[in-house]
Colleague: 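One structure coming up, written as structure tokens, with questions to follow.
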Amino acid sequence: MDLYKRIKKEDKVIYKAIAGEWERQADGLELIPSENYTSPAVMEAMGSILTNKYSEGYPNRRYYGGNEFIDQIETEAIERTKKIFGVPFANVQPYSGSPANLAVYVAICKPGDAVMGLNLPDGGHLTHGWKYSATALFYKSIPYHVREDGRIDMEEVRKLAHEHKPKLIWVGATAYPYLYDYKSFMEIADEVGAFVAADIAHVAGLIVAGAHPSPAAHAHIITTTTHKTLRGPRGGIIMTTARGIAKDAELAQRIDKAIIPGLQGGPHNHQTAAIAIALKEAATPAFKSYGKQIVRNAKALAESLKKNGLKLVSGGTENHLLLLDLVPVFGPGGGHFASDALEIAGMTANKNTIPKDPGSAFYPSGVRLGTPALTTRGMKEAEMKKVGEWVARAIQEAHKYRLPTETKDRPAYLEKAKKELKRNTNLKKIRQEVRIFCKKYPLPHLART
Ligand code: DSN
């Protein structure tokens, strides 16, 4: 790996781990829907000298000298965000999605205010008020849920909003295979005087590509990470919409103050430059095709999985991700067995709860899959058919396992099952097929080991 020759010389331990991770990413199928591969230009910016600089404050309003070029970079990232998402204000300093979301609370809520978000086991995010998140410690969290079919229960959202009069309602999720009804959320929020924050972390790239509706006209605030479908570096952005400014003329300034001095210190300038580059890439026609292909690939993967005998929550997908309902294979709580079998066969996914999960958040009954990373590698519908077959074959190899009913027996049982799966010759065979297949779809990096 020429790219990391200095690390190789200076620190063999870290070099070896990076080289191992490089091989893992290159030779396996990345099916985690929140992961992706950045471009070499984004990578270069992340490893640039910009990491050396302190810049607390905002462009032309810094607490430190020497920020002439940093100001140019941050201004460019802000302007690109505004243009690409059609919003009047953007803050590009959040270190990632969770700090971005916390800044929204700090900007508009007082401790103890009621807030609403999709329940985590129903597909929601930790920072939308999950009971173990700081957001539920400091604010009164009122979760809403999905119906039997997996769609958000808008009747429940309206009922809870009228009952609790929340200050803030989140729209967004981490495991939701449908489009969001932003307009209905806005109507409900208007009825009770709440702010709507759309967390588009998962679908930002799809929105830019025109493959998912934009919440710009139906939310006051939009937050996103930059490293999922948007294909940038790890990072976060908070946008204030025209509707947000109309509701509160000071909203954008409140958000800026919530980031610094409220929550963060100096921005990560290397990250800001990399975000600016990713936004430039996202504005190209090639990216629009990419975003649309992600969705076509997800639908093709869904068809292949069903054809090979697996059950999907909602029976398919409207975006980039799919949720496998594994209750018919393992009974309750079998997500571990599937994700272990997939990993041993060279496919990375994550176990996940499904709507009305008969297991638990720690022992969920589903697995979450997605196509953003595979689409970056140039795979299309024909390849998704193949991937679906491998996923089904791998899960089939684990079908005899059942989660013990006694919680204390579970860790040992799971460990034993994993050991056995590691010795499974059919899984080894799939691993080899996947490795050969991956060689045809190189990562967008500069060199290989
Ligand atoms: N960890 C992200 C995901 O995988 O969806 C959410 O923050």
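All heavy atoms count here, side chains included; hydrogens, waters and symmetry mates do not. Atoms within each ligand, like the ligands themselves, are counted from 1 in listed order.
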Colleague: Run the ring-centre check on Tyr144 versus Phe185 and record whether the distance is less than 6.0 Å.
Modeller: yes
Colleague: Protein non-hydrogen atoms only, distance under 4.0 Å: does atom 1 (N) of ligand 1 have such a neighbour?
Modeller: no
Colleague: May I ask you to list the atoms of ligand 1 that are less than 4.0 angstrom from any heavy atom of Ser34?
Modeller: 3 (C), 4 (O), 5 (O)
Colleague: Heavy-atom distances under 4.0 Å decide this one: backbone, side chain, both or neither, for Arg368 against ligand 1?
Modeller: side chain
Colleague: Can we call the ring centroids of His336 and Tyr363 under 6.0 Å apart?
Modeller: yes
Colleague: Taking only heavy atoms of His125 into account, list the atoms of ligand 1 that are under 4.0 Å away from them.
Modeller: 6 (C), 7 (O)
Colleague: Testing Ile200, Thr241, Ile222 for side chain to side chain contact (heavy atoms under 4.5 Å, CB included) with Phe85, which one passes?
Modeller: Ile200
Colleague: Name each donor-acceptor pair under 3.5 Å that joins a side chain in residues 103-123 to protein atoms two or more places apart or in another chain, with its distance.
Modeller:
| from | atom 1 | to | atom 2 | distance (Å) |
| --- | --- | --- | --- | --- |
| Tyr105 | OH | Thr127 | O | 2.6 |
| Tyr105 | OH | Trp170 | NE1 | 3.0 |
| Asp113 | OD2 | Lys110 | N | 2.8 |
| Asn119 | ND2 | Asp122 | OD1 | 3.0 |
| Asp122 | OD2 | Val146 | N | 2.8 |

Colleague: Distance under 4.0 Å to a non-hydrogen atom of His202: what atoms of ligand 1 satisfy this?
Modeller: 3 (C), 5 (O)
Colleague: At a 4.0 Å threshold, what atoms of ligand 1 neighbour a non-hydrogen atom of Thr174?
Modeller: 5 (O), 6 (C)
Colleague: For this output row, return yes or no: ring centroids of Phe330 and His399 closer than 6.0 angstrom.
Modeller: no
